[in-house]
Amino acid sequence: MKAAIDWRTRYEALGEGLLRTAATAKPLLAGFNAFVDAIYPVGADILDRLQAEAATPGDATGPRLAAEILARVADGRGGALCLNWPGGPAWADRLFGEPAALQLGGTGPQAAWALATLGAPAIVALTDRSREQLAVLPAGVKISEAGRLVEARELAPAMPPRKPRNIVLELTEGTAWPGGRVRRSTRIMLRFIDSGIERDESFAREAATRASEASACLVAGLDSIHEDDRESVPWLLSLLAALRKNSLRHAHLELAEFPREGSMEELCVAFGGIADSVGLSLSELGMLTGQRDRPVAAAREVAARHGFDRVFVHADDWALVVHRADAPRQVATLMAGNLLASARAYLGRPSPTLAIAPDAVFHDGIPSSGNLDGDWRADCVPSPYLRRPRATIGLGDTFVGGILLAAGLPGLTVDF
């Protein structure tokens with residue numbers, strides 16, 4: 001009988017190696033959205049206010065949005081709700097009041113934050129250099145300015161904000177309110193304007209010069225592109241083509257929950273082949289493929305249909321990759337993503353210690369690893385799972401940071 005795997009010990013050993021070597025990693029080029037996130041821990045008071053708002057007669061935007069939020073709470077579903085509603089920020093101020101905290105938002109910046117916390121180099125695309133946006137950019141994250149790399153504290157605010165704050169509602173499993181109990185620890189994000197991506201030309205020039213020494217270019221935040229924008233995707237594709245020409249090793253496309261049906265498929269068509277890997281959550285995989293109960297088959301379908309060499313899927317308690325590469329290295333890559341995300345869930349923010357919570361559990365009922373058709377393979381590992389994390393915001397983004405940190409450490413591998 002095969003002995004059970006001691007996942008905690010394996011993660012602790014991997015964490016020691018990451019802490020020892022992170023500073024030697026190749027730099028990550030991270031884009032292409034950036035926000036200020038206003039964080040609201042959701043208790044019964046906020047849920048009561050949402051319930052009262054949803055019961056308001058009529059067909060106004062505010063009550064409909066409140067009803068959608070409550071429906072997601074009831075379903076245990078997080079994600080992003082994006083709508084072009086100029087009155088949204090004032091509505092959120094009235095309903096939620098002052099946030100508990102302001103912090104950095106956006107997939108690329110949050111992945112860079114996770115790496116910088118460990119001493120690994122990361123450069124972000126940033127055109128919004130307002131006082132509030134610069135104030136939440138952590139030390140260690142680099143920005144390109146006039147041909148040199150600087151940190152936010154070295155820049156004078158150059159323009160007023162061009163986008164409102166994201167509203168992030170953090171939900172904790174078991175929270176009681178008159179409508180019942182919160183089913184799942186997650187977060188719901190409200191974004192009120194399609195503000196566009198950070199088309200940072202200074203970043204593009206810096207990335208071109210550093211392409212051969214970079215670990216990867218992270219392409220994320222494309223849910224910020226307005227449906228009438230016909231320039232941003234060609235701009236990104238042109239940038240990736242230039243980076244590939246300059247010997248960029250990896251380009252990773254991270255998907256999101258898009259407000260317009262069909263956007264995920266269109267982006268996979270556009271970026272398949274030029275981006276060698278794609279990442280998405282389990283719910284996003286279901287939206288893209290229609291297969292919610294067969295994640296391995298669905299991920300393999302994405303790879304075959306769009307020409308990705310690797311497809312990463314992250315869920316609450318496991319992570320999966322379908323690939324044609326070295327299996328021990330891919331397992332280490334998944335574990336690095338899980339470890340960084342789990343440490344953030346435990347400590348509430350990106351962690352320089354990579355601590356695993358004492359009450360973290362490693363579930364057995366996860367998708368199976370094994371060989372697929374041809375030389376394709378699926379590998380899946382459990383994550384250190386917390387039922388009641390200290391934070392839920394940014395966990396998927398931090399997972400992405402972890403898998404791309406692994407890309408910057410060529411010697412990373414595990415026995416399995």
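In this structure, a donor-acceptor pair under 3.5 Å is present between the side chains of E201 and W235. Side chain to side chain, D397 and T107 meet the donor-acceptor criterion of an N or O pair below 3.5 Å. Side-chain contact of D379 with H323: a donor-acceptor pair under 3.5 Å is present, judged by distance alone. Using modelled atom types, one finds a donor on one side chain and an acceptor on the other under 3.5 Å when comparing D128 with S130. With hydrogens and angles left out, the side-chain atoms of Q133 and R165 include no donor and acceptor closer than 3.5 Å. A donor-acceptor pair shorter than 3.5 Å cannot be found between the side chains of Q51 and W177. Side-chain polar atoms of H314 and S281 form no donor-acceptor pair below 3.5 angstrom.
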* Asked: Yes or no on salt bridge (charged side-chain N to carboxylate O under 4.0 Å, His left out) for R205 and D200, after CA distance, side-chain angles and deciding distance?
  -> CA-CA 9 Å; R205 289 190 293 272; D200 183 348; over 6 Å; no
* **Stepwise ring pair (Phe, Tyr, Trp, His ring centres under 6.0 Å) test for F362 and Y11** => CA-CA 11 Å; F362 301 87; Y11 272 106; 5.8 Å; yes
* Asked: Checking salt bridge (charged side-chain N to carboxylate O under 4.0 Å, His left out) for the pair E53/R94: CA distance, chi angles, key distance, verdict?
  -> CA-CA 11 Å; E53 178 75 5; R94 173 177 64 81; 3.2 Å; yes
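The backbone N or O of V278 sits nowhere less than 3.5 Å from a side-chain atom of R310 that would complete a donor-acceptor pair. With R184 contributing its side chain and G76 its backbone, the two residues share a donor-acceptor pair below 3.5 Å. Formation of a donor-acceptor pair under 3.5 Å by the T172 side chain with backbone atoms of T175 is not found in this model. Here the side chain of S342 pairs a donor or acceptor atom with the backbone of P384 at under 3.5 angstrom. Between the side chain of R77 and the backbone N or O of A74, no donor-acceptor pair lies under 3.5 Å. At least one donor-acceptor pair under 3.5 Å links the side chain of S224 to the backbone N or O of G221. R329 places a side-chain N or O within 3.5 Å of a backbone atom of A406 that can act as its donor or acceptor partner.
In this structure, D359 does not pair ionically with R388, as no charged nitrogen and carboxylate oxygen lie closer than 4.0 Å. R129 has a carboxylate O that lies under 4.0 Å from a charged side-chain N of E145, or vice versa, which qualifies the two as a salt bridge. A salt bridge links K163 with E198: the distance from a Lys NZ or Arg NE/NH1/NH2 to an Asp or Glu carboxylate oxygen falls below 4.0 Å. Ion pairing between a basic and an acidic side chain is recognised when a charged N comes within 4.0 Å of a carboxylate O; E173 and R183 show no such pairing. E206 has no carboxylate O lying under 4.0 Å from a charged side-chain N of R148, or vice versa, which leaves the two without a salt bridge. A salt bridge links R49 with D45; the closest basic N to acidic carboxylate O contact falls under 4.0 Å. Ion pairing of E68 with R72 is present here, as a side-chain N (NZ or NE/NH1/NH2) and a carboxylate O approach within less than 4.0 Å. Note on D373 versus R300: salt bridge recorded, some NZ/NE/NH1/NH2 to OD/OE distance being below 4.0 Å. Using a cutoff of 4.0 Å between basic side-chain nitrogens and carboxylate oxygens, R260 and E265 are not scored as salt-bridged.
Atom OG of S351 is separated from atom CG of L118 by 7.5 Å, given to the nearest 0.5 angstrom. With rounding to the nearest 0.5 Å, the separation of CZ in R210 from OG in S144 is 8.5 Å. Rounding to the nearest 0.5 angstrom, the gap separating the CZ atom in R187 from the CG atom in L169 is 10.0 Å. Taking CG of L282 as the start and CD of E284 as the end, the distance is 9.5 Å to the nearest 0.5 Å. Note that CG of L28 and CG of L218 are 6.0 Å apart. Values are rounded to the nearest 0.5 Å. Here the CG atom belonging to L405 is positioned 4.5 Å from the CG atom belonging to L115, to the nearest 0.5 angstrom.
When all heavy atoms of L50 and I69 are compared, the pair lying nearest together is CD1-CG2, 3.8 Å.
Summarising the local packing, CG of D293 is surrounded by 12 or fewer heavy atoms from other residues, nucleotides or ligands at distances under 6.0 Å.
S263 is not listed as a side-chain neighbour of E227, based on a closest heavy-atom distance of 4.5 Å or more. Inter-residue side-chain proximity for H363 and W318 is flagged as unmet; no heavy-atom pair is nearer than 4.5 Å.
Geometric assessment of R191 against the ring of W85 yields a negative cation-pi assignment under the 6.0 Å and 45° thresholds.
Aromatic pair F203/F32: ring centres closer than 6.0 Å.
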